[in-house]
Amino acid sequence: MKKIEKMEEKNFSKTKISISVDDSFHEILKQKARQDYVKVATWIQQFLMKNLLDKNNGAEVKCSTKDGKEMD
């Protein structure tokens with residue numbers, strides 16, 4: 001049997017954000033959320049994190065090996 005390791009819980013805080021949108025736009029958001037089987041608020045959060053964070057938005061990240069050579 002494999003030994004299951006518990007993931008360490010990261011310490012972070014969350015801030016609630018309230019937005020107002022047109023009914024027609026809310027319907028679009030609901031459709032997108034349903035396609036991913038999540039709540040609208042969860043879908044919006046995932047969308048924002050995916051598209052706004054630099055590390056996920058195509059920013060160039062350079063990796064180097066143990067000997068210091070850079071990888072593409």
Per the side chain to side chain contact (heavy atoms under 4.5 Å, CB included) rule, which among K32, Q35, K30, Q31 passes with W43? K32

F47 reachable from I28 in the ILVMFWY side-chain graph, under 4.5 Å edges: no

Using the side chain to side chain contact (heavy atoms under 4.5 Å, CB included) rule, pick out the option among L29, I17, V21 that qualifies with I44. L29

Could you walk me through whether Q46 and T42 pass the side-chain contact (heavy atoms from CB on, under 4.5 Å) test, one step at a time? CA-CA 6 Å; Q46 291 173 350; T42 303; 3.6 Å; yes

Flag yes if V40 and I19 sit in one hydrophobic cluster, no otherwise; membership is Ile, Leu, Val, Met, Phe, Trp, Tyr, and two members link when side-chain heavy atoms are under 4.5 Å apart. yes

